[in-house]
Structures are given as structure tokens and as C-alpha cells.
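For this chain, numbers begin at 1 and follow the sequence in order. Note that ligands are numbered from 1 as they come in the structure, with each ligand's atoms numbered from 1 the same way. Side chains are part of it too, since the values below use all heavy atoms of this structure and drop only hydrogens, waters and symmetry mates. Since the structure is predicted, the reported quantities are computational estimates derived from the model, not experimental observations.
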Amino acid sequence: MVKKLNEEKLTLGICYYPEHWPEDMWEDDYRRMKELGITYVRMGEFAWSIFEPEEGKFSFDLFDRAVAKAGEFGLKVIMGTPTATPPTWLTKKYPDSLNVTQDGIPYQHGARRHYNYNSENYRRLSSIIVKKMAEHYHDHPDVVGWQIDNELNCETDVFYSEADHDAFREWAKKKYHTLENLNAAWGAVFWNQTYTSWDQVYLTRKTVPNSPNPHHALDEKRFFSDSAISYAKLQADILREYAPKQWVTTNGMFGHLDNHKLTDDLLDFYAYDSYPNFGRIIEDHSVKPLRDRKWSWNLSVVRSISPNFAIFEQQSGPGGWVTRIEQPSPKPGQLRLWTYQSIAHGADMIMYFRWRTATKGTEIYWHGINDYHNQPNRRVKEVEAVSQELHKLGQIAGSSYQAEIAYVTNYDNEWDAEFDKWVGPYEAKSKDAWFKALQYNHVPVDAFHLNAETSLEDLKSYKVLVYPHAAIITKEQAELFNSYVKQGGKMIFGCRSGYKDETGQPYMKAFPGYLADLVGVNVEEFTREAPFEETPGVKFKNLQEVEANDFNEVLQLKEDVEVLGTFTNAHFEGKPALVKRNYGQGSSYYFGGVFNLDLASLLIDEFELNDYQDLFDLPEQVELSIRHKEGTDYVFLLNYSEVPQEVTFKKEFTDLITGRPVTNKHTLKPFDVIVLA
Ligand code: GAL
């Protein structure tokens, strides 16, 4: 079953921490929220010591008053289980609940997420607080749903406590049954790692040099993910039992966690915390960087988990901790732009983080919509404007994002590549190149999550699939791709595809392993680009030349293969670099290299995807997204640049915010958005 948010209209919410403010401020806060058009208030997720000030002593007074007051103003409450921040009494009494570094040093109390998922004490105490809260709020008319914990695997996504080592051993036993199987899967014969008794099995530990067995490290990530899911399940099961009328979700998306499985198995829908301002401070030396627009990719991944989703934290100001993260303020219009960025990608509920900037603690520079002084400011005005606009756009809720092409994601490959310098950096570059090329050419794209349950029907939703550097491809997956292409799909791969099995061990097969039949090539030889040497090129269709950076595979043709590009400027000059093979009704493409913006753009032309040129002429700086419902296309045009952008309409549309018709030329102001039907 598809897990998605079911809001009847687009709604706004706010993250509020009643425990941070004098109680006599609450009423005014809620009143102003209501005036702003806020529907939801999220609270409670860091307040364990308030709910349980001493072990076994529970107090709901403060939150009962905070919830009741919210209810007086017609606001609906989303309650967070408070387990991201264990109380001091807990970590002092049960130090086994603390997370530990790979070197064996425990994290101490003082920040958050310093616990581990496998400590029996932590699981027991978490169950108790969640059960107490669920029992207490399960039929409260103003509490509509639950957020489990807060950002599982944020702050850190690796766990090495004793409890984790023990749980990993059990996990490995369950997976491999015998040490013989485990030794084979981890290639333990190499460097004498053979295990002869289960008590020798641990999560990876510090080695000399710090370079643990890659197959072991891959399983470790699968285990981290399973641990987080099992901990979330502990909470979800209690919430389902004691609060069956309220929905259950959690907010993400962080590393070493299969968010798709988490959502499919446990949640009603998925929620994401969107902070596009990071895109303005992360160094990006690539060609034409996307900056805050890059968050559209993250939102596309979220959409692959829940087609309609919630944003539980939408950036609403400059972000900063006292000790790290130095973000600029959003410029006039950017806050609105980022809200529409979320909506354009499928968010139907958007909660701003946070109501007012904290005056205490690590996040005194993580700005909410209100400043410390609580006086009117530009950010509140911008939210007010958005809120008024959303009244006119409510019907967009429930509509679905339209894309003919998808970029394939897969956790095994993501986690394997994270560790593997011979494929990981290529995957990151190609994803960036493809996403950029699609964005700048106005071709909407989905993320498509490939897992063991993926069927041909799922793949058939797309005309084109891009899966550039999937090192791990099983025989079954290759067969699935064959069927997809045979029935008319187009599928594109890049170098380093298909050479590993599920354990991360290379097959004793010519590259690209089980894909060879589909793509019609074997890799004859390959090389990494040497520093200080000139980069080879690829001549595309004997015309244009693009760079072939990083890694080159010389392709040996099997049969019926059309050469689209040949290498230049290398000892393998003139040899095939990029090929196409017609296969059944469809075709496959294989590039023996890492994609860049130029090549991805050329290939997009090949695929004949809808880039909506019959409807508009759009400048690169403008993102196009289309959501569809009941015969209507809702078109979002988002200007990410600080200069005006002129768009040309080739048919008449209605501007859904102003209600006016738009034809011919229209200028989008800096950071402006227009929503059309
Ligand atoms: C999120 C987190 C919030 C707050 C915010 C700003 O990751 O969920 O609690 O910390 O970042 O740092």
C-alpha cells in the first residue's frame, strides 16, 4: 500500500516548544498563529524530563495546559515522542543507553541523540514513556498524530555500544546461520579474518590503517538501518495499540536508514525536514551549481517514499548553532520560494521551524519566523502572504507530481558506494549532473527506489530510467531491467555498473556483469583518470566533444550495438565510449564514464521526453514542476535567482493566486513563484 499524507487542502503548521517560554506568552503565541492561518502545532519531541521528571513519575500538566490552550484557538497538535533527548537521570543511571564511538568512547549527556537503539534499558524506558503518552493523549480531540522520536540517525548514523555489538552478532546469526556462510559473505579468507566462533563477531572496529573489511562494513550499515527501524517499531506498535485513532509518522531523512522500509512497515506517511539554506553554504565547485534548488532532489527522494508528504520543519530563517553552521538570512522571497519548492514536489502540509528563535541553548541562531523580540518582522510577513495564497491553492492537495523519467536509488548501492572510493564519488557526480541537466532543461524527474519487491509494473511507470553506477546488480535485477527495456523502456548506465554481488564482492565476470546482455558490451579495459594528465574526451555522434572525467571504460561491442560516442585524447582514442542497443521495444545505453552536465543534456535530447516547450519558454533559473489531479495540471514555476526572469507562455493559463489569465510574456520577480492551471 502506498503510504501518503491525506490532507484535504494545503495546510501550514509550526514547531512550538511551550516548555521554552513563560506560560503567559502561550495565549498570544497561539492567537498570532491562528491569525497567520496556521493549522498544526508540533510539540513535545524534546521534553522527556517534563513528562517524566524522575524515573517512573509522570507529569502531563504542562503539556496538558499547552495542548488545551492550542485547542482553544482551534489549533491541532502533533505530539512528538521525546526519545531523541533522554533525561539526565536516565543516562546517569543507565549508561548502557549511551551511544559509543567506533573507538569505544561513550558519548556523554549534553546534546541530543547520544543514545543507542539496542540498549535493553533504553528500549524499556522508551516503551514506558511512549505508552504513558499514548494512554494520556490517545483520545484528546486536539491531538491528531504522532511523530516518533526526532530525525532518526541525525547527528550520527553509526553506533558501537556493547548492546549494538551484541545485537549485530544476533543479526549476523539470523542472516547467515553458519560461520561458514558469514566467512564467505565477508570474504574473511582475505587477511586472515576467518571467524571460528560467534563471540569473535563484532561491528567494525578500529583497524590499522582504518580501513575495515568492506563486506563487513556494508552489512554493518544494513544493521544500523534495521536497528533504527526496530527501535521505531517499538514505538509505532505502542502508538498503534494505545492511540489507534491518531496517525503515526517520523521526520527524516538521514544516513544508514532505509526510510522506504521504515515508512512501508510502520508509518502512515513520511515527513521531511527541509533546510535548503544549507545549499547556500555547502561548497560546490561544480559547473552551474544548483544551491538551494538542489533540495528539489531531496524532495524527490521523499516523494519516492510518500507521494504526498509533510514537511515537519521548513526552514524559516538563517540557521546556525553556536559552534557550527553559519547560514545567511533568506533573502526577501526566499522563504516563500522554499515553501513552494516543497509543495511543488508533493508536500501538502508544511510546518515552519520554528515559531520563535530560542533564547537559550545550542540553537540560539537557528531562527524561527519570530525573533527574540517578538515584534513584527519580514519573515512573519512572508509566511502570512504564503498562508493567504494557500487558501486559493488548497485544491492542489492530493495531486501527484508528473515525471516521465526517474533516477534510480538503492540502499545497498548507496551504502556500498559510501565506503568505496572507486565508485562512490562517481555516483555523486553523475547524480548531480543528471539532476542539473533535467532541471535546467525543464524535464521533471522522480527518484525511483529499487528494492527486492520492485516489479516490472513499478518500472513501467517511467519512459526512461537512469541508474548510472550501480556496482551491485544481481542476476534477478538484471532480468527485471531486461524485461523493462524489452517492453519499451529506455535505461541508461554508466561505468562501474554491475560488477559486484549483494555482499559487495566482485563477480568473476567481464564488466558489466549480468547487464552485459542488455547493454551489448563488455568492458575491454578501464582506467581512473590520473592527476596531472589531460582529461580524455568523448566525441558524441561525431559532432560535439565533451569531457570524460574521472574514470574511463573502453567498450568492446557484442552485437547490434550502435556507437554514439568514441574516446578522444587518450591511448584508447577512437574506441567506443558510449553505446546504444535496441532491445525489444526499447533501448539501453551504456557510457563507460562518469556523466557531466554536457553529456547528460545531450542524452536528454535523445530520449524525447516532454520538456513542455509547446507550453512555455523557460529560462534555466526557473524550475518547472507539474502536479496533476482529476484532469487538471497544476504548474509551478519557481525562480531561484535574484534577478527577474522572463517566461513566455504559448497558451493561456490562469494564475491561481491572482485568479487572472496569463498569456505571452510574464516576468518572475527575484525568488518569485507562479502557480498556474
Ligand atoms: C533539525 C532538528 C530540529 C532543529 C533543527 C535546526 O535537524 O529536527 O530539532 O535542531 O534541525 O538545527
Do NZ/NE/NH1/NH2 and the carboxylate oxygens of E55 and K93 come within less than 4.0 Å?
yes
Could you pull out every donor-acceptor pair under 3.5 Å between side chains of residues 67-76 and any protein atom, sequence neighbours left out?
| unit_1 | atom_1 | unit_2 | atom_2 | d |
| --- | --- | --- | --- | --- |
| K69 | NZ | E27 | OE1 | 3.1 |
| K69 | NZ | E72 | OE1 | 3.3 |

D432 bridged to K429 by N-O distance under 4.0 Å
no
Give me each pair satisfying ring pair (Phe, Tyr, Trp, His ring centres under 6.0 Å) with a member in residues 74-112, each pair once, sequence neighbours excluded.
H109-H114
Residue set satisfying salt bridge (Lys or Arg N to Asp or Glu O under 4.0 Å) with E418, at least two apart, ordered chain then number -> K221
Strictly by modelled atom types, are D416 and N413 linked by a side-chain donor-acceptor pair under 3.5 Å?
no
Mind jotting down which protein residues get a heavy-atom contact under 4.0 Å with ligand 1? Chain and number order, please.
F46, R112, N150, E151, D273, Y275, E313, W321, F353, E363, W366
